[in-house]
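Here is the structure we will look at, set down as structure tokens.
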Amino acid sequence: MRITNQEIARIFQQIADLLEIQGENPFKVRSYRRSAESLRGLPEEASQLYARGELAQVPGIGASLAAKIEELLTTGRLEYYESLKAQVPAGLVEMLAIPDVGPKTVARLYAELGIETLEQLEEAAREHRIRPLKGMGPKSEENILRGIALYRRRQGRVPYGEAWPQAQALLEALQPQPAVHRISLAGSLRRARETIGDLDLLVATEAPRQVIEAFTALPPVREVLAAGDTKASVLLQSDLQADLRAVAPESFGAALQYFTGSQSHNIALRDLAHDQGLKINEYGVFRIDTEECIASATEEEVYAAVGLPWIPPVLREDRGEIQAAAQGRLPTLIERPDLRGDLHVHSHWSDGTASILEMARAAQAQGLEYLLLADHSRALSVAHGLDADRVRAQREEVAAVNAALPGFRVLHGIEVDILSDGSLDLPADLLAELDLVVASIHGGLRQSREQITRRTIAAIESGVVHIIAHPTGRLLGQREPFEIDLEAVWEAAVRHGVALEINAHPLRLDLTDLACRAAKERGVRLVISTDAHRPEEFAYLEYGVRVAQRGWLEAADVLNTRPADELLALLKP
DNA sequence: GCCGTTTTCGGCCCGACTGTTTTCAGTCG
């Protein structure tokens, strides 16, 4: 029996939805939401906290929720949850995902029209059976139908790497507008969450109407969902929603803080402000008694007004950053220029598109000093993986490239497959001849947690492997991570000095931000690599750095911030 | 349901937009 924090969080989230539909006390609902967030951000499994009797010390979890977690951990189910589910049809919860359809509406549709499913809701809207309800009208029916269509077209969120370029394009299109003083990303995009629900932009302007008109007329805009005096929402051709807020230049900092979130960070911050007799909204920080505004122009001022240093957006998840800021313990986050090399690069020797020289030149152009060539091994025949002979032949080309590219260094390595039985795809003596060896799992993904964990640890213990690549194998929106006991992997990695990769490919981002943070606390060595198959993909390093930052990593926590010789001495003593 | 050197009870972040109203409830972030 194993229940993860994510699963508990999901159940609490569901309970919150169910209670909300039932019209329960909103603060009780919020407690469940807050505890779910708290659980998602936990660097440790709840089962371990439970074993130490420390569950109720987690912020937002008191006696009642601790008891519910205990019930889940020990019995695998939660009676309270089961009984709620028995009272509320499952379809009602799904209906909450439709924009503009909230718990009150869902409850009334059920009580007054007997609507229990998305299909029934759609039918009722088509047949104009919703407009007779008080507070409803033709527009409501229209919105519901449009919302359902959108929900079906695009379920869920898109990867950061897909959203970011689109947001950047909007930003660049609006920047030259004369009415735009300043413009910035906000929301989860500015915090660099791994997936993004919609694009948030913030503009400082004295002519908001003008900016909003320009925004809603941009070419990528397919449909205008709402447009007022201070904000507009549009649907892009890509089906992503983009929201723009326009604020006066003097309150840009307060608005940027406000709209960057996260929601739970802001709630915690306002709580702190409240204790000091202050109130924070998107216009500034105000004294509650006199209404005097004491900060608004910059984010630094806003944080300073409540006695804190500026907190980087990537940390604003209410995962201890406010306490850390108050105690002067915020990390000095790693930045992209700190990286000196890329430790996972492919060439056309396997499934890359470019020559070793082309990849090396591209890496150098990105300001890197070295790369580790890590083409696939023979088991990955679809990728034209290398056998022993081709590895040796490749060595000569690596030497030639190094001779041709002064000031840059290509390290010769390989991405060797960890086979289903835990052995490596190439002989140990051959691997030992290489500069560094990256190992990873590409097959046998459906094996049990025990098997996959054992395979990974076998590679770590092999004595010839230096880096484990994409340790969980997940592909965002396409493939769940495979079952693996990361705690056990970290323990073995620390013992053998093997590094784990933060794979910067926008669909992988593997390890995750949370895993980075937990791994760091356990003393695990980490590297950031692109897994580049094409020269352009060195730009992915930026995404990897974002993950690392969200995991509270500093430059010293990441091995490839070091010069090549130092790195080699550490990994291959 | 959580939380507390002012509280174990009474608070709990805050405002904009929409669609429906004719002063507001619901939703959203």
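Naming: A, B, ... by sequence-line order, numbering from 1 per chain. FYI, side chains are in, hydrogens and waters are out, and symmetry mates aren't considered; it's all heavy atoms of this structure.
For the pair Arg209(A) CZ and dC17(B) P, the interatomic distance rounds to 9 Å; values are reported in whole Å. Rounding to whole angstrom units, CZ of residue Arg30(A) and C1' of dG29(B) are separated by 14 Å. Rounded to an integer number of Å, the gap from CD1 of Ile322(A) to P of dC13(B) is 13 Å. The distance between atom CG of Asp318(A) and atom P of dC3(B), rounded to the nearest whole Å, is 12 Å. Here dC14(B) presents its C1' atom at 12 Å from CZ of Phe27(A), a figure rounded to the nearest Å.
Between Arg222(A) and Asp239(A) there is a salt bridge, with a side-chain nitrogen of the basic residue lying less than 4.0 Å from a carboxylate oxygen of the acidic one.
Atom C1' of dC2(B) sits at a distance of 14 Å from the matching atom of dT7(B), rounded to the whole Å. Between dC13(B) and dC3(B), the two P atoms lie 13 Å apart (nearest whole Å). Comparing the P positions of dT20(B) and dG26(B) gives an interatomic distance of 14 Å, to the nearest angstrom. One P atom belongs to dA16(B), the other to dT21(B), and the distance between them is 24 Å to the nearest Å. dG15(B) and dT22(B) are spaced 26 Å apart, taking the P atom of each and rounding to whole Å.
Contact annotation for Val101(A): backbone-only contact, meaning every heavy-atom pair under 4.0 Å involves sugar-phosphate atoms and none involves a base. Nucleic acid contact class of Gln263(A) (heavy atoms, under 4.0 Å, all strands): base. Residue contacts for Ile98(A): at a heavy-atom cut-off of 4.0 Å it reaches the sugar-phosphate backbone alone, with no base atom in range. Counting any heavy atom pair closer than 4.0 Å across all strands shown, Pro99(A) reaches sugar-phosphate atoms only and no base atom.
Within the structure, every side-chain polar atom (N or O) of Thr230(A) is placed at least 4.0 Å from both OP1 and OP2 of dA16(B). Using a 4.0 Å cut-off, some side-chain N or O of Lys279(A) falls inside it from OP1 or OP2 of dG15(B). Contact annotation: Asn143(A) reaches the phosphate of dG19(B) (side-chain N/O to OP1 or OP2, under 4.0 Å).
Judged by closest nucleotide on DNA chain B, Lys28(A) is the one of Lys28(A) and Arg146(A) placed further toward the 5' end.
With dC13(B), dG1(B), dT27(B) as the candidates, the nucleotide lying closest to the side chain of Leu65(A) is dG1(B). Out of dC13(B), dT20(B), dG1(B), the shortest distance to the side chain of Ile267(A) is found at dC13(B).
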Show, in sequence, the C-alpha distance, side-chain angles and deciding distance for Lys520(A) and Leu553(A), and conclude whether the side chain to side chain contact (heavy atoms under 4.5 Å, CB included) test is met. CA-CA 7 Å; Lys520(A) 171 184 174 166; Leu553(A) 298 194; 3.7 Å; yes
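In terms of polar N and O atoms assigned as donor or acceptor, the side chain of Tyr258(A) comes within less than 3.5 Å of the base of dG29(B) in a complementary pairing. Side-chain N/O atoms of Asp200(A) and base N/O atoms of dG29(B) include no donor-acceptor pair closer than 3.5 Å.
Put simply, the side chain of Arg474(A) gets close to the backbone of Arg508(A): a donor and an acceptor are under 3.5 Å apart.
With a 4.5 Å cut-off on side-chain heavy atoms, Asp513(A) and Val314(A) do not count as touching.
Counted by atom type alone, Thr205(A) and Gln210(A) present zero donor-acceptor pairs between their side chains at under 3.5 Å. Of the N and O atoms on the side chains of Gln549(A) and Arg546(A), at least one donor lies less than 3.5 Å from an acceptor on the other residue.
For dT8(B), there is no paired nucleotide, since no Watson-Crick or G-U wobble pair has both relevant distances below 3.5 Å.
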